[in-house]
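Proteins come first, then strands; the chains are lettered A, B, ... in the order of their sequence lines, and each starts at number 1. All figures in this text were calculated on a predicted structure; none of them were measured in a lab.
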Protein chains: 2
Amino acid sequence: MLRRKRIAWPTVVRLSEYLIILEELVENGVDVVTSRELAGLYGNNANQVRQDLFCLAETGRVGQGYSVPVLERTIRQALGLTEPRGVAIVGCGRLGTVLALHVPLANYGLNLVAAFDVDPNIVGKNLGAVRIDHADRMTEICRDRRVRVAALSVPEEAAQDSASKLVAAGVVGILNYTRVRLKVPARVVVQNRQIICSFIQIACAAFCGHDSLPSPGLVPDADVGR
Amino acid sequence: MLRRKRIAWPTVVRLSEYLIILEELVENGVDVVTSRELAGLYGNNANQVRQDLFCLAETGRVGQGYSVPVLERTIRQALGLTEPRGVAIVGCGRLGTVLALHVPLANYGLNLVAAFDVDPNIVGKNLGAVRIDHADRMTEICRDRRVRVAALSVPEEAAQDSASKLVAAGVVGILNYTRVRLKVPARVVVQNRQIICSFIQIACAAFCGHDSLPSPGLVPDADVGR
DNA sequence: TAGATTGTTAATCGATTAACAATC
DNA sequence: TAGATTGTTAATCGATTAACAATC
């Protein structure tokens, strides 16, 4: 029981979404949730919820359901969100600004500690609580502030260069919002998040008949109480 | 050969990303690409690329590879991007503005034809080429302009109500950027795209050892020529 | 107690990988 | 021709679904 097996990726994705749902339940003062209820909210089925939760340390009570606050905390633990991590935003245009200001990073131990741009009109300004520094100082500053995760929202020409600087500074996870395919060492994880792909996918799902798909992120009408 | 089978969802996701890569190759004047090369760029393997492409109509030439422009067009066709579709942005705050201005929707037949907000300081202004209308007129306007896909970037309180209006107007695909779980009829496809989930997932991938994962969107170092 | 629901194992399903004949 | 690479089928692997004993 000591050696916890690595959580399957589809499960990681769903856990992160369950977490959002559970937070809302906490806010609404809901104390207990059953796998059936959570499945109804998420849009999958109770079996899958239980199987997903099975990878966590002890959480539910047979016959009763899951304690919402306990489950919420356990998922955070399992996803590694209890350790604080330094985050950087690279490219403080419109998208970078959204990422910094619109996304509740700090709720998940993801502390925005650095932001970069090259535009002299932007460098020196603040993005939320952090000062926007010049991209020339990226490696140095990221290393100093122990940035581990970064979001890349720069123009294409600057993407690979920025990524390399981040890697040099010890960053191990990059959310890539540019359409450039980054070359990084195997130890660094990159997730490509071109927003246009979401639009393409939803169009395909809607028009080419992918209506009731169990895939991560594709949640059709909830099938509660079936 | 007439009845084309529905494309598997993981394949749809990858095809949309291959498409971005192919466009870049077109720009660079590359004429032909092999499954091996494309896999190198994407970060998977040649077998998977060929299997993915297998669902398309005739594309490659045995022994030679794939014609980049032909492949690009064929993928567009398969994903249903050749038909123009009306798109609406609901909620024109910072995020909605990014979606409208930063995402090359029109390149994929996704025409932004409507935008909505409730803020009197915003209503009446332009978002790109479209006028921002008041959300009260959403159903009417979306129906008139044949909006089929919408992105939801409104405050939580307005999310379900907006979704219902969109559904009433005949929208069949919703990209939901709010953390509310929308209730919609089964025929309507919803994809939840809370940006925070991407950050949670990359943190988990980076720190809980999900480094070399074949999952959609998680692309580690390219393994070309292995 | 009876009803409900979890934890967990087994069965099924689907996606990825491997392999190779066809052919450019 | 020989080398390369596709199209396609088969084998493997992993994820989802089903089932049910344990137990609150």
> Who are the ring pair (Phe, Tyr, Trp, His ring centres under 6.0 Å) partners of B/Tyr18, not counting sequence neighbours?
Replying inline: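 So B/Tyr18 forms a ring pair (Phe, Tyr, Trp, His ring centres under 6.0 Å) with B/Tyr42.
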With sequence neighbours excluded, residues passing side chain to side chain contact (heavy atoms under 4.5 Å, CB included) with [X]:
X	answer
B/Asp31	none
B/Val180	B/Glu156, B/Ala159, B/Thr178, B/Leu182
B/Ala203	A/Leu110, B/Phe207
B/Thr11	B/Ile7, B/Ala8, B/Arg14, B/Leu15, B/Asp52, B/Cys55

Extract from the structure each pairing of a protein N or O with an N or O of nucleotides 9-15 of chain C at less than 3.5 Å, listing the distance.
residue : atom : partner : partner atom : Å
C/dT9   : O4   : A/Gln51 : NE2          : 3.2

> Who pairs with B/Glu83 by side-chain hydrogen bond (donor to acceptor under 3.5 Å, both in side chains), at least two apart in sequence or on another chain?
Replying inline: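 If we apply the side-chain hydrogen bond (donor to acceptor under 3.5 Å, both in side chains) test to B/Glu83, skipping adjacent residues, there are no hits.
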> Mind checking what makes side-chain hydrogen bond (donor to acceptor under 3.5 Å, both in side chains) contact with B/Thr74, not counting sequence neighbours?
Replying inline: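 Not a single residue meets the side-chain hydrogen bond (donor to acceptor under 3.5 Å, both in side chains) criterion with B/Thr74.
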> Which stems, defined as runs of 3 or more consecutive Watson-Crick or G-U wobble pairs with both pairing distances under 3.5 Å, involve DNA chain D?
Replying inline: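 Result, WC/G-U stems under 3.5 Å: C:3-24 with D:3-24.
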Tabulate protein N/O versus nucleotide N/O from nucleotides 22-24 of chain C, keeping only pairs under 3.5 Å, one per line.
residue : atom : partner : partner atom : Å
C/dC24  : O4'  : B/Val62 : O            : 3.1
C/dC24  : O3'  : B/Arg61 : NH2          : 3.3

Exercise answer: donor-acceptor pairs, residues 95-108 of chain A side-chain atoms, under 3.5 Å, sequence neighbours excluded:
residue  : atom : partner : partner atom : Å
A/Thr97  : OG1  : A/Cys92 : O            : 3.4
A/Thr97  : OG1  : A/Gly93 : O            : 2.7
A/Tyr108 : OH   : A/Glu23 : OE1          : 2.6
A/Tyr108 : OH   : A/Glu23 : OE2          : 3.1

Review item, side-chain donor-acceptor pairs of residues 160-172 of chain B, under 3.5 Å, at least two apart:
residue  : atom : partner  : partner atom : Å
B/Gln160 : OE1  : B/Lys183 : N            : 2.8
B/Gln160 : NE2  : B/Ser164 : OG           : 3.1
B/Gln160 : NE2  : B/Lys183 : O            : 3.0
B/Ser162 : OG   : B/Ala158 : O            : 2.6
B/Ser164 : OG   : B/Gln160 : O            : 3.0
B/Lys165 : NZ   : B/Ala135 : O            : 3.3

